[in-house]
Amino acid sequence: MEDLTYRLPQTRTVAAESDGTNHALDARRVAAVPRAVTPGLPGYVVDADGGVLVDAEGNSYIDFASGIAVTSVGASNPAVVAAVQDAVSHFTHTCFMVSPYESYVAVAEKLNEVTPGDHAKKTVLLNSGAEAVENAVKIARAYTKKGAVVVFDNSYHGRTNLTMAMTAKYTPYKTGFGPFASDVYRAPMSYPLRDGLSGPEAAARAIHMIEKEVGAENLACVVIEPIQGEGGFIVPAAGFLPAIAAWCKENNVVFVADEIQAGFARSGKWFAVDYEGVVPDLITTAKGIAGGMPLSAVTGRAEIMDAPVVGGLGGTYGGNPVACAAAMAAIGQMEELDLPGRALEIEAIIREELEPLLELPQVAEVRGHGAMMALEFVDEDGRPNAALTAAAAAACKEQGVLILTCGMDYNVIRLLPPLVIAEATLREGLRVLADAIRANA
Ligand code: PLZ
């Protein structure tokens, strides 16, 4: 993997003794912030670059989280920093609906160009992933004049009321927050490790459920993560996505790919649907799109995107000019540094370092694409092993490697390093992880 240059030393250092700074900051958090927002890392970040995060006590952590798949180009990528500084020195905000500016249009043009398919496309810009998903559903309903929404087992689409209804996992995302939006139905997902079905078999099972329990004549859209993120980094069996997309096309149902976590070079392709040549009608993006600035988008077929009435889409901040400048710089970096290619190199290194762990009976699978890889853990009876997952992640954190878990059963470790991470840093973090798994297995 090619070496890049970094502003901060790409080292892992955790002091044996704390000077109390992080603890004091955490005491302020506990007093000022509701317990519902509880961070994973004990350290409070003061700087970040390349593959490392530095905390208020000077500890330097290897970052395998990227702020949940956001800082793909790095958390202080110089091109993004320069673009943000330039934009912010001219104007911070005007509201595109009130007084427009060029960078919004430039981001829309860029997304229309880089997303799958060569048909005419249009893009609306928003703030968060959940807001993009909400808008995709609004657009699909306006276009089809139908109301129902189909999502899948294990799916994650956000924390707003509609997207909570679309999200599978109850605790913690929905606990105490109902009633939820109606007309949302959950179809069985392809989960090769657990169901043993081929892609076409799993698709037939899902389509049967959709036809019998929802009815195509009522269905506005099917929304699916091409690689499920929070739900466990589940890669559907080959042929599943194409079969669902083909059924949607035959039945006047809008096929929406939620690429908020898997998109923008993360999977080793520009978009995860590219692995199977699937062209979604609508695609939602966020996270990696703007180098850490809040921005999201819905991109899709021009005739679908133009279905809502004039004034029907928008919001005060959607497509903020500073976030748009950051997006143009971040996407430029993905092209210039060939970050899809780098994600594939990261996958090869992860497989080389972690696949030997498959000899442990507790490691059921090493799976994923690109820099979106995961390990699923089981116990001696083949049941989900949340205890080992939590213990390994905690041991990593203690040793200066920030690891995220996921999965409906809390038994998956996921790896989401920045795509600009250095090879030596990546290997060092993976070896800490491998040792932590062996020590706790
Ligand atoms: N769709 C596929 O992964 C966000 C959220 C973590 P927002 N995933 C991380 C958490 O605990 O809140 C996500 C996603 C997919 C939609 C979203 C929602 O994106 O930007 O968090 O709203």
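Just follow the structure's listing: the first ligand is 1, and inside any ligand the first atom is 1. Here the structure is a predicted model, which means the values were calculated and not measured.
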Original post:
Looking only at heavy atoms, is any part of E131 under 4.0 Å from ligand 1, and if so is it the side chain, the backbone, or both, or is it neither?
Top reply: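 The answer is neither.
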
Original post:
Should the proximity of A130 to ligand 1, defined as any heavy atom under 4.0 Å, be assigned to the side chain, the backbone, both, or neither?
Top reply: both

Original post:
Does Y173 OH have over 12 foreign heavy atoms under 6.0 Å away?
Top reply: yes

With a cut-off of 4.0 Å, which atoms of ligand 1 are near a heavy atom of [X]?
X    : value
E225 : 2 (C)
I260 : 1 (N), 13 (C), 14 (C), 15 (C), 16 (C), 17 (C)
R159 : 10 (C), 11 (O), 12 (O)
Y156 : 1 (N), 2 (C), 4 (C), 5 (C), 8 (N), 10 (C), 12 (O), 13 (C), 14 (C), 15 (C), 17 (C), 18 (C)

**OP:** Return yes if a side-chain donor-acceptor contact under 3.5 Å exists between S128 and R159, otherwise no.
**Re:** no

Subject >> Polar side chain donor-acceptor pair, Y156 to D258, under 3.5 angstrom >> reply: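 Looking only at side-chain atoms, D258 and Y156 do not form any donor-acceptor pair under 3.5 Å.
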
Original post:
Salt bridge between E345 and R342, side-chain N to carboxylate O under 4.0 Å?
Top reply: no

Original post:
Does K287 have a non-hydrogen atom less than 4.0 Å from ligand 1?
Top reply: yes

Original post:
Do any non-hydrogen protein atoms sit less than 4.0 Å from atom 21 (O) of ligand 1?
Top reply: no

**OP:** For atom 19 (O) of ligand 1, state which one of G129, S155, G229, P294 supplies the nearest heavy atom.
**Re:** G129

**OP:** Before giving the answer on side chain to side chain donor-acceptor pair (under 3.5 Å), spell out for N385 and Q362 the whole-Å C-alpha distance, their side-chain angles and the decisive distance to 0.1 Å.
**Re:** CA-CA 8 Å; N385 193 337; Q362 293 95 335; over 6 Å; no

